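Written out below as structure tokens is the structure these notes cover.
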Amino acid sequence: MSAIRVLPELLINQIAAGEVVERPASALKELLENSLDAGAGEITVQLDRGGIKSLKVLDNGSGIAREDLPLALARHATSKITSLEDLERVASLGFRGEALASIVAVSRLELISRTAKDKHAWKIECAGGAIQKPAPAALSQGTGVEVQDLYFNTPARRKFLKTDATEFAHCEEVFKRIALSRFETAFSLHHNARAQWHLAAQDAPDRIKAVLGENFADASVWVDEQSGLLRLWGLAGLPAYSRGTRESQYFYVNRRFVRDKLIAHAVREAYQDILHHDRHPAFVLFLEIDPALVDVNVHPTKIEVRFRDSRAVHQFVYHVLNKALSPSVIQHDASRAAPGNPFTAPTYATQSAMPLGAAQPAVFYQTLFGAQPKTPSGAPGEPQQEIPPLGFALAQLQGIYILAQNDKGLVVVDMHAAHERIVYEKLKSALDNGATAMQPLLIPVTFNSDKLDVATAEEHQAALRELGFEIAALGPNALAVRAVPAALKDADAAELARAVLKDIREYGASRVLTERRNELLATIACHGAVCANRILSLAEMNALLREMEATERASQCNHGRPTWYQFSIADLDKLFMRGQ
């Protein structure tokens, strides 16, 4: 008997479903794309329990004829392409003929449709791959697809689905991506019988504003450039609207949402000189290109693409964005000035006297080091037995650098970078010892957040507590930070919470607590370190120097930058040409 057998059709479709239909949001994406390919001018989405129990998409597109209904649910059956030439110039969103068959294999599905020439609609039902005969039904022109009990027949896969709130958040994100791509189409979204979104057909700027908000639209620059067969247009957020995550990044190739490494690199390069490396730009950009010059048949989900001339595309995207975001364009574009306000050219700083000064004792010391400041023995001007490696503080420069004197000469310390390393090492040690002390906040810090962050906080309470956080949901779009790690009790609690939730969402709680742990702690330490322009007393500066001497790897911050630099007396003599 042969050991090699042809797999049953149902099993083949269930395997394909693992790639195409990862969660309810994946099914929603495929159904919405089918509606758009059918020329729908209005699409309604109805979800129940985040799409896990029920997911329905209703459109007013061209519809499906009765005789084509069974074929619509068959694997590798499609009306989008018929030949290799068609595949090489795909203009439709769907074309593989896998989505509906994969969904059918792992759900209970009802498909009802009516074309313009039909007297009434026809309905076809199926459960776990078993397809019934079409039956008469009532529906105006268009198509309705209802998916119920996703993964009901593959329990091992169903257990990987998250909470209703998390699954809905993913579905909502897919809805927004599709709605941004087709602003001429009206969309509505209901969840658990409650209206969440209603978007009328509109032009692109109004749709972008409706989905991402006026703040984004007001803090963005309009892009529209064409070169040969390439055109890039849309809104690119200015640096002032940078985000802590990559969520507000929407890039489309021929109206198809994509996540492409080449494009991501070009955008990152365009923002490199104007955006801090920890921040991410926000944008909604559309690249138009001849379909023959881009391959969309790279991945079953069709979210990846491959360009025939990748270098040309990269350079085009980079140069267009770089030009739009250049300071001369942003600062001198009078059209961006507020109505009624005259546009004025920017002013530039000039060199002035260098202030050197030390503050008086401050309460900040107590929050940094947990004790009252004490004047160190052997401070400048007093008898001393031994000068420590980093010496004793003399003054603070521009609220950024500490100037200290040791037996070699002058030491210059970047106080934020140095304190960042100290906090980082303390957090690592506490987590290693399972003793991350939590500091309850007298007044919880509340902030607005998206639904995915709220769902993440609710799902990963244990991991958050292990990291020293207590974060609770106040509503569908609000969170409250009730406790933070004791070492960070005076840091920005909202920013800390956003950083932690971002990592947990992107990498999962288990990876955050293992292989991604140090990266997360470095980010937290950066938020918790003493900020620039914070005035410190001599005692506080000396305490920071002593902490550096007692901390491993204190010569570099968490990002690899030096934390201090030594100028010898010989260096200073040479600088001032003494003895020459």
Side-chain angles (χ1 to χ4, degrees), residues 169-170 172-183 197 199 202-225 232-253 255-287 303 314 316-327 329-331 333 335-336 447-454 456 477 479 492 494-495 497-503 505-506 523 527:
H170 284 284
E172 186 178 39
E173 180 60 25
V174 165
F175 177 87
K176 289 162 62 177
R177 291 176 183 176
I178 297 292
L180 283 170
S181 73
R182 299 297 176 95
F183 39 86
W197 288 89
L199 301 168
Q202 52 202 158
D203 59 23
D206 287 341
R207 175 59 59 85
I208 294 173
K209 183 184 294 186
V211 175
L212 296 185
E214 291 188 5
N215 289 341
F216 169 73
D218 293 341
S220 302
V221 60
W222 185 256
V223 177
D224 194 349
E225 294 282 344
L232 183 69
W233 61 276
L235 281 177
L238 298 175
Y241 193 80
S242 64
R243 323 307 291 166
T245 68
R246 296 183 179 88
E247 286 174 358
S248 299
Q249 297 184 348
Y250 299 88
F251 199 97
Y252 299 85
V253 175
R255 300 288 192 97
R256 182 194 304 278
F257 177 84
V258 300
R259 291 253 189 234
D260 182 78
K261 293 180 180 179
L262 177 92
I263 296 295
H265 185 269
V267 173
R268 189 166 59 249
E269 289 289 301
Y271 276 91
Q272 185 176 24
D273 290 338
I274 58 174
L275 200 63
H276 189 272
H277 62 87
D278 281 338
R279 306 293 291 176
H280 301 280
F283 52 82
V284 180
L285 296 170
F286 299 86
L287 178 67
I303 201 170
H314 181 282
F316 175 71
V317 171
Y318 166 74
H319 286 296
V320 170
L321 284 180
N322 188 56
K323 176 184 175 182
L325 295 166
S326 64
V329 173
I330 296 172
Q331 294 174 2
D333 184 1
S335 66
R336 292 193 61 82
F447 61 99
N448 291 331
S449 184
D450 59 42
K451 292 182 175 67
L452 278 176
D453 269 348
V454 173
T456 301
N477 293 98
L479 288 170
D492 186 329
E495 284 300 311
R498 289 190 179 99
V500 173
L501 293 173
K502 169 197 168 187
D503 260 40
R505 284 175 51 181
E506 288 188 6
T523 301
H527 287 295

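Remember, predicted model here, so these are calculated numbers, not experimental data.
Residues passing the salt bridge (Lys or Arg N to Asp or Glu O under 4.0 Å) test with K451 are E172, sequence neighbours excluded. For S242, the side chain to side chain donor-acceptor pair (under 3.5 Å) criterion is met by R279, not counting sequence neighbours. Residues passing the side chain to side chain donor-acceptor pair (under 3.5 Å) test with D453 are S449, R505, sequence neighbours excluded.
The CG atom of L321 lies 13.0 Å from the CZ atom of R268; values are rounded to the nearest 0.5 Å. The distance from atom CD1 of I178 to atom CD of E173, rounded to the nearest 0.5 Å, is 11.0 Å. If you take CZ on F257 and NZ on K176, they are separated by 11.0 Å, rounding to the nearest 0.5 Å. The distance from the OG1 atom of T245 to the CG atom of D450 is 7.0 Å, given to the nearest 0.5 Å. With rounding to the nearest 0.5 Å, the separation of CD1 in I263 from CG in L285 is 9.5 Å.
Ring geometry, F251 versus F283: the interplanar angle exceeds 60°, so the pair is classed perpendicular (tilted spans 30 to 60°). In this pair, W222 and W233 present their aromatic rings tilted. The plane angle is within the 30 to 60° band.
Only one option out of L238, L235, V284 pairs with S220 in a side chain to side chain contact (heavy atoms under 4.5 Å, CB included); it is L235.
Two residues are said to be in side-chain contact when any heavy atoms from C-beta on lie closer than 4.5 Å; Y241 and N215 meet this criterion. You'll find the side chain of L232 stays beyond 4.5 Å of the side chain of E225, heavy atoms only. Counting only heavy atoms from C-beta outward, the side chains of P281 and Q249 approach each other to under 4.5 Å.
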Problem set entry | Steps toward side chain to side chain contact (heavy atoms under 4.5 Å, CB included) verdict (L479, V454) | CA-CA 7 Å; L479 288 170; V454 173; 4.0 Å; yes

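Closest of all the heavy-atom pairs between Y250 and L212 is CE1-CD2, 3.8 Å. Heavy atoms only, all atoms of each residue included: L199 and A179 are closest at CD1-CB, 3.7 Å. Closest of all the heavy-atom pairs between A266 and Y318 is O-CD1, 3.9 Å. In plain terms, the two heavy atoms of L325 and A270 that are nearest each other are CD1-O, 4.4 Å. Heavy-atom minimum distance, F447 versus R498: CD1-NH2, 3.5 Å. The minimum heavy-atom distance linking I208 with F216 is given by the pair CG2-CE2, 3.6 Å.
Applying the 6.0 Å contact sphere to CZ of R246 captures no more than 12 heavy atoms from other residues, nucleotides or ligands.
Proximity of a side-chain donor or acceptor of E214 to a complementary backbone N or O of K209 within less than 3.5 Å is not detected.
Geometric assessment of R177 against the ring of F175 yields a negative cation-pi assignment under the 6.0 Å and 45° thresholds.
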